[in-house]
2 protein chains.
Amino acid sequence: MTDQRPTLADVARAAGVSRAAASRAINGAYGTSEAVRQRVRAVAAELGYEPHAVAQALATGRPSAGRRERVEVLIVDPDPAALSVKPFYGRALTGAMRALGDRDIALEVRRVSTLPAQDDDPPYGRLLINVAGAAGAAYARRGRVVALGRSAPGVAFVAPDNDGGGHQAAVHLVKTGRKRVGAVFGPPTPCAQERRDGFLRVFAGAAQPVTAADGDFTYARAYAAARELLAREPGLDAVFAACDVTAMGVLRALRETGRRVADDVAVVGFDGSTLAEAADLTSVYMPVEDEAAAAVQHLLDPALPAPARLPTTLTVRGSS
Amino acid sequence: MTDQRPTLADVARAAGVSRAAASRAINGAYGTSEAVRQRVRAVAAELGYEPHAVAQALATGRPSAGRRERVEVLIVDPDPAALSVKPFYGRALTGAMRALGDRDIALEVRRVSTLPAQDDDPPYGRLLINVAGAAGAAYARRGRVVALGRSAPGVAFVAPDNDGGGHQAAVHLVKTGRKRVGAVFGPPTPCAQERRDGFLRVFAGAAQPVTAADGDFTYARAYAAARELLAREPGLDAVFAACDVTAMGVLRALRETGRRVADDVAVVGFDGSTLAEAADLTSVYMPVEDEAAAAVQHLLDPALPAPARLPTTLTVRGSS
DNA sequence: CTGAAAGCGCTTACAG
DNA sequence: CTGAAAGCGCTTACAG
């Protein structure tokens with residue numbers, strides 16, 4: 001195996017010129033006779049010559065030719081099918097792409113479980129999704145970082161007004177006359193707890209306390225939790241779900257126990273994803289695309305005002 | 001600004017050794033006295049020396065240090081929010097990630113409209129989604145490529161058995177006694193046409209021909225098409241939708257015209273996405289994750305049997 | 001317009 | 001164990 005890829009020297013030799021001339025001819029620089037240029041190019045094409053990007057980079061000092069910057073989207077989620085099942089991630093990617101706009105920056109998606117080993121080739125910046133405290137801080141130490149949802153203290157983040165959203169959902173249920181309210185909350189993450197706090201605040205000191213169960217944002221757990229809730233409190237006339245996927249589980253539990261959605265039991269979700277629209281589910285809409293776009297924007301231009309809380313809005317549909 | 005990043009030569013000079021010795025000391029190669037190694041390393045640390053990856057790559061001939069391979073997922077879709085709205089893409093990403101497994105290969109997502117300019121830094125391979133003939137062939141010329149759904153002739157692809165799926169949907173409607181069948185088909189893409197052909201074959205020569213309208217896989221167009229269909233043929237008792245998003249539009253048209261889903265009009269979608277589950281929609285399930293995984297698998301190991309058609313299965317839910 | 005030469009920053013046989 | 005030297009493949013002043 002001696003036939004390596006041809007080098008500039010090969011081309012120059014075959015064309016009967018110096019390497020310098022060959023280089024100029026190929027790069028279309030000034031000061032090359034038409035004749036030489038043509039000959040060199042013809043030879044190069046024939047030999048299948050491709051400039052060696054690494055060598056070019058070294059010689060010019062320019063960042064490795066063609067090497068594109070990249071932004072990493074890091075997703076922490078135990079479910080390998082997370083991107084299939086949770087519209088949230090697709091929405092975040094949409095927002096990230098929007099922020100990237102026309103810039104020639106690659107968007108890399110990574111689902112991670114543990115903190116990856118030190119990266120030899122760190123990205124321009126990272127968008128952290130569901131990356132909890134310790135890991136978030138570790139990434140921040142390694143480079144530019146913005147989180148979607150609160151991460152470690154000191155790590156810039158953008159998040160929906162979860163507390164406000166929870167509040168909106170509760171107010172809606174109260175206003176529409178629901179009396180016996182249940183809830184399937186989320187896991188012990190900041191975002192889920194904020195929703196819970198906002199929701200429960202409305203019922204503080206109410207005659208009927210909220211019947212609550214803990215979910216983990218998955219369909220399966222939500223279904224089980226809802227069944228449990230209904231067994232514990234059969235007279236429930238409303239259920240708040242910590243996210244839309246959770247709400248799907250609740251809807252199934254309702255269907256299976258012969259309850260009519262809305263008529264018997266109102267359901268309110270959280271996310272405002274396409275899922276909510278498909279299921280005709282009342283849901284607290286959070287602008288995930290905008291959040292992600294703002295986050296990536298901040299990555300690209302840290303001088304911009306630090307990201308913040310984005311307001312949620314309640315979208316009332318047939319389920320309440 | 002003369003203080004560039006320090007080079008190996010700087011380190012060597014400061015440590016009072018040759019560059020060769022410095023190199024060995026830093027790379028932990030054999031044949032370096034403990035004393036020298038320690039001194040060099042100390043100096044390197046102090047100077048903040050970082051080896052120049054490009055130079056290393058050139059010198060060793062090894063692929064640029066730390067440079068990770070990458071697979072590009074190229075999505076052609078006019079909608080900037082495509083990843084938000086269509087679960088298909090998230091599912092494809094899930095499958096692609098699954099195929100990548102533990103390998104240290106980056107997954108890059110790109111939504112493109114036109115054929116990007118020649119890439120200086122081509123990826124290991126590309127997964128083409130919705131990339132039509134000409135562009136597909138162009139990418140194939142540039143490097144390793146597999147398409148999700150048929151692209152240009154000669155371009156390897158993996159796709160669901162669309163024809164068979166259309167057939168399954170039609171048979172289901174006939175078997176459940178639907179007589180006046182409508183359909184909102186897709187755009188003039190191979191995949192949409194295969195679904196249509198498979199569906200229509202069942203009704204060839206039927207007493208009541210299928211009342212059809214053309215959609216484009218979007219919610220808005222599907223809604224409009226369904227309204228038109230219902231105006232043209234008010235007695236419709238079933239509608240086949242070319243994809244789940246299309247079905248969502250149909251469902252809305254049904255709701256708005258006061259028709260009950262299933263009781264008055266059966267609806268069958270195509271995709272089997274989370275949307276179908278959320279909307280309690282009967283749908284032809286296609287294993288997008290498996291398709292994408294098979295495609296990326298083939299990218300990684302072209303020796304594997306060429307990808308093929310994957311079977312679809314009908315999931316009956318409340319809408320039919 | 002063209003070629004000889006130096007150089008990008010690092011590595012690696014080869015002597016010593 | 002250590003250093004002088006050549007080389008990775010290309011570019012770019014500098015003469016001519």
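A note on names: the letters A, B, ... follow the listed sequences, proteins ahead of strands, and every chain is numbered from 1.
- Atom CG of A:Asp10 and atom P of D:dC8 are 11 Å apart (whole Å).
- Considering every non-hydrogen atom in both B:Arg70 and B:Ile105, the closest pair reads CA-CG2, 3.8 Å.
- Between B:Arg309 and B:Glu194 a salt bridge is recorded (basic side-chain N to carboxylate O distance below 4.0 Å).
- In this structure, B:Arg37 atom CZ and D:dT2 atom C1' are separated by 14 Å, rounded to whole Å.
- With both ends at atom C1', the span from C:dT12 to C:dG16 equals 16 Å, rounded to whole Å.
- Rounded to an integer number of Å, the gap from CD of B:Gln56 to P of C:dC8 is 17 Å.
- When both pairing distances are held under 3.5 Å, C:dA4 makes no Watson-Crick or G-U pair with any nucleotide shown.
- Not one side-chain nitrogen or oxygen of B:Ser23 sits closer than 4.0 Å to the OP1 or OP2 atom of C:dC10.
- Distance CG (B:Leu58) to C1' (D:dG7): 9 Å, rounded to an integer number of Å.
- Panel note: side chain B:Arg126, backbone B:Val73; no donor-acceptor pair is recorded below 3.5 Å.
- A cation-pi arrangement is found for A:Arg144 relative to A:Tyr124, the charged atom lying closer than 6.0 Å to the ring centre and inside a 45° cone about the ring normal.
- Closest to the side chain of B:Val17, from the set D:dC10, C:dC10, D:dG3, is D:dG3.
- Looking at the side chain of A:Ala20, the nearest of the listed nucleotides D:dC8, C:dA13, C:dA5 is C:dA5.
- One interatomic measurement links the two molecules: NE2 of A:His52 to P of D:dT11, which rounds to 12 Å at whole-angstrom precision.
- Nucleotide D:dA13 is matched to nothing when pairs are restricted to Watson-Crick or G-U wobble geometry with both distances under 3.5 angstrom.
- Here D:dC10 presents its P atom at 8 Å from CD1 of A:Ile26, a figure rounded to the nearest Å.
- Atom CZ in B:Arg24 sits about 11 Å away from atom C1' in D:dA4, given to the nearest Å.
- Note on B:Ser33: a side-chain N or O is less than 4.0 Å away from OP1 or OP2 of D:dT2.
- A salt bridge links A:Asp77 with A:Lys86: the closest approach of a Lys/Arg side-chain nitrogen to an acidic carboxylate oxygen falls below 4.0 angstrom.
- Among the nucleotides D:dG9, C:dG3, C:dT2, the one closest to the side chain of A:Thr32 is C:dT2.
- For A:Arg19 and C:dA4, the CZ to P distance is 10 Å, given to the nearest whole Å.
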